Protein chains: 2
Amino acid sequence: MLTDRQLLILRAIVDDYIKTAQPVGSRTLSKRSDVTFSSATIRNEMADLEEMGLIEKPHTSAGRIPSELGYRFYVDHLIRPESISPQEAKALKSLFAHSVNENDRLIRHTADLLSELTHYTTLVLGPKEEGQRLHHLELIPLAEGRVVIVLVTETGHVEHKTLQLAEALSREAASRLMERLNQTLRGTPLSQLRVRLLEEIRRFRSEHSEQTTLLSKALDIVLMDQDNERPLIYLGGKANMFDQPEFQDVAKLRPVLELIEQQEALFDFLSPNLDNQILITIGSENNVDALKDCSVIRAHYSVDGISLGTLALIGPKRMDYNRGINSIIHLLQAFQTELRKNSLD
Amino acid sequence: MLTDRQLLILRAIVDDYIKTAQPVGSRTLSKRSDVTFSSATIRNEMADLEEMGLIEKPHTSAGRIPSELGYRFYVDHLIRPESISPQEAKALKSLFAHSVNENDRLIRHTADLLSELTHYTTLVLGPKEEGQRLHHLELIPLAEGRVVIVLVTETGHVEHKTLQLAEALSREAASRLMERLNQTLRGTPLSQLRVRLLEEIRRFRSEHSEQTTLLSKALDIVLMDQDNERPLIYLGGKANMFDQPEFQDVAKLRPVLELIEQQEALFDFLSPNLDNQILITIGSENNVDALKDCSVIRAHYSVDGISLGTLALIGPKRMDYNRGINSIIHLLQAFQTELRKNSLD
DNA sequence: AATTAGCACTCGTTAAAAGTGAGTGCTAAC
DNA sequence: GTTAGCACTCACTTTTAACGAGTGCTAATT
């Protein structure tokens, strides 16, 4: 185990490096007010810390920087969960001063807020469809066989699709079908919606001998498509990446920005995080080559116990974990409260 | 006026520089098969071209590069509208092989296609609301005073908003009101929709003595909001910027990428282009500091004579104008055809 | 009169050399 | 166990030199 002095030194190194992005030398450390021992002692301790793999030197004659293991240790044991300042707490409350009654916009707004709060890049993974349940379905027949289908989930998420039928669907037929569908399908998880919807239409057809084959086919195609569609990812503060000294080199910056633009890759990366409420992954822990120099702080958001999506913060390994974690926790609270308001039991 | 030989040299310099990104020297040019005169002659001609402001040298002992004026001259007079290759034409046709019946997705798809085709970054400015006309309006009352309003324009654009009323709107009331609104408001330009909609609700209320004050208020707020909302900008191939040698430096890259992320700034920049069908702006011609090292090729798209939005291509000043112009022209055609299919007379 | 060969000159680029200084590891004294 | 002292390392900066692509000018050539 580490001695108190070693803990002090390790924390000092990480804190300093997070602040300055410069390797920290023994002399610099010895000047700190909380350090009562000499630089030589520090050098000895540093040698030990290095042996343990917690810090490393970029080259022989530089100071030390935290290794990934060092960051991990720092995050796990050395972070003081420094509570948010009163003014920040106030600011946070007023952020959602006027409610946003559409989830999409709320999510986008949240992504922007979080990045503004932390000065890091933010990802917000929109609600997963599968888990959500149908609240209401509406068919709107337009001219020329065009039909708009509107789908409202219990979380208050609204979404529309356009179908193109070979022949027009009458307003009456649509209305009758719709009433039936809403009666029988409310509460159906979206993951089962396609199958149950088609089933229900088939049954409706046989009972009322109405011509809904075309509708059924078109719906099938559109919903199939929807199945493949993944929840949206909203990004905030992409430009913040430019401010990080570690990303001044285009070669470093490029893979990160490229990854961020790829919805699929990001989705795969962000989604698995079902156990913990807050998950921090550092450098190679991300298991994504493009993020080997980045750290990610993730938090799950849920409403009424149903996990909906993920809030994430992405920055250099040398990111301000303290601030990041605090910001994400507090924003998460406020965000979930807002989401709750928008849901339709 | 320029002599034929000067034209040849100027074109050669621009072509070469576009291809290699390296200043072009007299010796290099003299080796071209279409150059029959010596490097000394070229040097003399170059001196003249430089005096005219068409080319310049980065420093004394480098070759020449085109000046902005040079690019302008090249674009205006030296581009041969090299018709598209048969295979490319074929590829273009198959791009929209299966129709996308939602304009939003169609636009996004188009942005991606164009960037893939040209290897430049693409911007597609979505349809302006003002000019469009209402095709259909639907009110969907949900639980707890939540009402979804769906708005379909004649261009086939579908869009929904959520209202929150203090008390529930009955399905019957909604249905009656809706029927009335659709009868009277179809064809209304969206720019007038808010005013006329409120008017119509007020009249309906007095005629049927129904309680629609709350609805009217909520609608007002939401539509007001919509007025301020600007059409979306879809981006394609952002990562292509990384490939340009002129943007290897973060300092150069940053302002461009930052601008691209700012919807408002981009909108202001892209929208005014009512006269020409294709507009090319080079470097400082963009009147935007962030784009002083970029060129932009813009094309307007319209359906049934109604101008809807803009397709744009953004790259370094040294961009392949030929390819860019050709790609944008051809894609524009195909894109408009698809849009036409989705419109509802 | 137009073209071209020749040549001195410029200047960015690259490479090597030398100097600087922050930081280290080790040793010996405290 | 702690610390002062010192030789050593090595990235970084500056200096110097060599290189070479390209130019502008002049004089010879067509």
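We name chains A, B, ... by the order of the sequence lines, and we start the count at 1 in each one. Model, not experiment: these values are computed from the prediction.
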Presence of A:Ser38 side-chain N/O under 4.0 Å of D:dT3 phosphate oxygens OP1/OP2: yes

Nucleotide of D:dG22, D:dC10, D:dT3 approaching A:Phe37 most closely (side-chain heavy atoms): D:dT3

Residues B:Arg72 and B:Asp76 bridged, charged N to O under 4.0 Å: yes

Separation of D:dA21 P from B:Ile42 CD1 (nearest whole Å): 17 Å

Outermost DNA chain C nucleotides near chain B [under 4.0 Å, heavy atoms]: C:dT3 to C:dG12

5'-most by nearest nucleotide on DNA chain C - B:Glu45 or A:Met46: B:Glu45

A:Arg64 CZ - D:dT9 P separation (whole Å): 16 Å

Rounded distance (Å) that lies between atom P of D:dT2 and atom CG of A:Asn44: 9 Å

Whole-Å gap separating P (D:dA21) and CG (B:Leu29): 16 Å

Whole-Å gap separating P (D:dA21) and NE2 (B:His59): 13 Å

NZ/NE/NH1/NH2 to OD/OE distance under 4.0 Å, A:Lys252 and A:Glu246: no

Short side-chain donor-acceptor distance under 3.5 Å, B:Ser295 and B:Tyr321: yes

Donor-acceptor pair, side chain of B:Thr281 and main chain of B:Asn286, under 3.5 angstrom: no

Rounded distance (Å) that lies between atom C1' of D:dG22 and atom CD1 of B:Ile55: 13 Å

Any donor-acceptor N/O pair, A:Glu285 side chain to A:Ile282 backbone, under 3.5 Å: yes

Touch class at under 4.0 angstrom, heavy-atom based, for A:Thr60 against every strand present: sugar-phosphate

Lys/Arg-Asp/Glu bridge criterion (N-O < 4.0 Å) met for A:Asp249, A:Arg254: no

Nearest heavy-atom neighbours spanning B:Met319 and B:Tyr120: CA-OH, 3.3 Å

5' priority, DNA chain C, between A:Val24 and B:Ser39 [closest heavy atom]: B:Ser39

Between D:dG1 (P) and A:Asp48 (CG): distance, integer Å: 12 Å

Sugar-phosphate, base or nothing in reach of B:Ala40, heavy atoms under 4.0 Å: base

Touch class at under 4.0 angstrom, heavy-atom based, for A:Arg27 against every strand present: nothing

